[in-house]
Amino acid sequence: MLHRVSKMNPIAEAVKQLQRGHVIAYATEAVFGLGCDPDDELAVQRLLRIKQRPVEKGVILIAADWSQLLPYVDITLVPDEKLDQAFASWPGPFTWVMPAKSTTPRWLTGRFTSIAVRVSAHPQVRELCQAWGKPLVSTSANLSGEAPCRTRQEVALHLADRVDFILPGEVGGASNPSQIRDVLTGELLRPA
């Protein structure tokens with residue numbers, strides 16, 4: 001059930017929804033994303049059901065800064081020069097697949113021993129993650145196989161009956177969802 005924007009600050013309302021285990025929609029650099037608490041298995045499973053996405057594929061975590069991603073990434077397995085390469089691309093629409101800590105939940109990594117992470121340049125995403133205090137699951141706001149929503153109105157039209165809250169906002173200037181690369185090999189997994 002979609003919660004209407006109240007007189008409360010929209011970021012504060014979004015955080016309240018996340019704390020309740022709800023799924024929200026929010027603007028990113030190129031498209032609207034669906035997000036939830038990455039540590040709440042029921043919330044992640046619900047998000048995956050909304051997307052019609054199998055858990056085996058894993059998800060992306062989006063954050064305001066690198067420190068928010070440290071609980072999920074095993075940096076001991078990433079050479080400094082590879083980390084420097086990722087850091088040079090952030091904040092921005094660049095997602096890096098990095099080795100996951102053994103404690104990172106399988107509902108985030110799927111069938112992999114790695115996790116996809118991004119430090120966003122989108123001001124509202126950064127504000128949201130800072131207010132929330134940790135990263136969000138971030139996947140494009142659409143059903144699998146359909147075009148991602150680029151406006152709040154499109155999200156309301158296609159997903160209003162499935163998400164709990166749509167954060168007012170506009171996408172950034174990127175024309176495509178984030179580029180995804182493997183931090184260890186440099187392999188391009190999804191072009192921008």
Side-chain angles (χ1 to χ4, degrees), residues 1-29 31-73 95 100-101 103-110 115-120 122-144 146 148-172 177-178:
M1 179 180 165
L2 182 65
H3 296 273
R4 300 284 173 215
V5 176
S6 67
K7 293 180 182 178
M8 180 183 276
N9 172 309
I11 295 288
E13 180 64 28
V15 168
K16 188 174 163 184
Q17 295 296 324
L18 293 167
Q19 290 168 337
R20 292 179 176 161
H22 291 168
V23 174
I24 67 167
Y26 55 94
T28 69
E29 287 92 341
V31 299
F32 262 75
L34 296 180
C36 66
D37 181 351
D39 300 314
D40 183 335
E41 182 178 8
L42 293 176
V44 175
Q45 293 294 346
R46 181 164 170 248
L47 183 147
L48 293 173
R49 280 193 307 276
I50 290 168
K51 282 277 296 184
Q52 300 171 359
R53 179 184 173 92
V55 70
E56 294 78 24
K57 286 189 171 186
V59 295
I60 295 173
L61 296 185
I62 193 169
D65 58 56
W66 169 244
S67 67
Q68 292 185 330
L69 299 168
L70 286 173
Y72 307 91
V73 175
T95 298
K101 284 188 174 176
T103 54
T104 301
R106 291 294 159 229
W107 62 80
L108 299 178
T109 61
I115 184 139
V117 294
R118 178 165 90 245
V119 176
S120 179
H122 192 282
Q124 191 177 55
V125 170
R126 294 172 66 85
E127 184 182 356
L128 176 59
C129 290
Q130 286 167 348
W132 172 233
K134 62 181 181 178
L136 291 172
V137 167
S138 184
T139 184
S140 58
N142 62 296
L143 302 180
S144 287
E146 293 184 6
C149 297
R150 294 186 184 270
T151 66
R152 188 172 194 270
Q153 292 75 17
E154 286 180 14
V155 177
L157 179 66
H158 298 289
L159 298 169
D161 60 337
R162 299 173 190 221
V163 299
D164 299 295
F165 182 72
I166 304 171
L167 187 63
E170 294 183 12
V171 298
S178 67

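For clarity, every value in this text was computed on a predicted model and none was experimentally measured. Just so you know, these numbers use all the heavy atoms, side chains as well, and skip hydrogens, waters and symmetry mates.
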Exercise. Does the side chain of Cys149 reach to within under 4.5 Å of the side chain of His158, using non-hydrogen atoms?
Worked result: yes

Exercise. If you take all heavy atoms of Thr139 and Leu47, which pair is closest and at what distance?
Worked result: CG2-CD2, 3.4 Å

Exercise. Checking Arg126 side chain against Asp65 main chain: does a donor-acceptor pair fall under 3.5 Å?
Worked result: no

Exercise. When rounded to the nearest 0.5 angstrom, what distance separates OH in Tyr26 from CD1 in Ile166?
Worked result: 13.5 Å

Problem set entry | Note, Glu13 side chain near Phe165 side chain (heavy atom, < 4.5 Å) | yes

Seminar exercise, completed: Nearest heavy-atom approach of Asn142 to Lys51 is O-CD, 2.9 Å

Exercise. Which atoms form the tightest heavy-atom contact between Ala116 and Thr95, and what is the distance?
Worked result: CB-CG2, 3.7 Å

Exercise. Which residue, Val44, Leu48, Thr109, forms the side-chain contact (heavy atoms from CB on, under 4.5 Å) with Val55?
Worked result: Leu48

Exercise. Do the non-hydrogen side-chain atoms of Tyr72 and Pro38 ever get within less than 4.5 Å of each other?
Worked result: yes

Exercise. Does a donor on one side chain sit under 3.5 Å from an acceptor on the other, for Ser120 and Glu29?
Worked result: yes

Problem set entry | Heavy-atom side-chain proximity of Thr28 to Arg118 below 4.5 angstrom | yes

Exercise. CG of Leu136 to CD1 of Ile62: how many Å apart, nearest 0.5 Å?
Worked result: 7.5 Å

Exercise. Tell me, do Lys101 and Val73 make a side-chain contact under 4.5 Å, heavy atoms counted?
Worked result: no

Exercise. Can you name the closest pair of heavy atoms from Val155 and Ala141 and give their distance?
Worked result: CG2-CB, 4.2 Å

Exercise. Would you find a donor on one side and an acceptor on the other, under 3.5 Å apart, between the side chain of Gln68 and the backbone of Ala64?
Worked result: yes

Seminar exercise, completed: CH2 of Trp132 to CD of Gln17, rounded to nearest 0.5 Å, is 11.0 Å

Exercise. Between Ala14 and Leu167, what is the shortest heavy-atom contact and its length?
Worked result: CB-CD1, 4.1 Å

Problem set entry | Derivation and outcome, salt bridge (Lys or Arg N to Asp or Glu O under 4.0 Å), residues Arg46 and Asp164 | CA-CA 11 Å; Arg46 181 164 170 248; Asp164 299 295; 2.5 Å; yes

For this session: Output the distance between atom CG (Leu42) and atom NE2 (His22), rounded to the nearest 0.5 Å.
Result: 11.5 Å

For this session: With rounding to the nearest 0.5 Å, note down the distance linking NZ in Lys16 to CG in Asn9.
Result: 12.0 Å

For this session: Verify salt bridge (Lys or Arg N to Asp or Glu O under 4.0 Å) between Glu170 and Arg150, making sure each step is shown before the conclusion.
Result: CA-CA 8 Å; Glu170 294 183 12; Arg150 294 186 184 270; over 6 Å; no

Exercise. Out of curiosity, His122 NE2 to Ser138 OG, how far, rounded to the nearest 0.5 Å?
Worked result: 11.0 Å

Exercise. Less than 4.5 Å apart, any side-chain heavy atom of Trp107 and any of Val137?
Worked result: no

Problem set entry | Under 3.5 Å: donor-acceptor pair, side chain of Gln124, backbone of Pro168 | yes

For this session: Grab the two heavy atoms, one from Gly21 and one from Ala43, that are nearest each other, plus how far apart they are.
Result: O-CB, 3.5 Å

For this session: Verify side chain to side chain contact (heavy atoms under 4.5 Å, CB included) between Leu128 and Val15, making sure each step is shown before the conclusion.
Result: CA-CA 7 Å; Leu128 176 59; Val15 168; 4.1 Å; yes

Exercise. Should Ile24 and Val163 count as side-chain neighbours, where that means a heavy-atom distance under 4.5 Å?
Worked result: no

Exercise. Taking the side chain as C-beta and beyond, is there a heavy-atom pair between Lys134 and Asp39 under 4.5 Å?
Worked result: yes

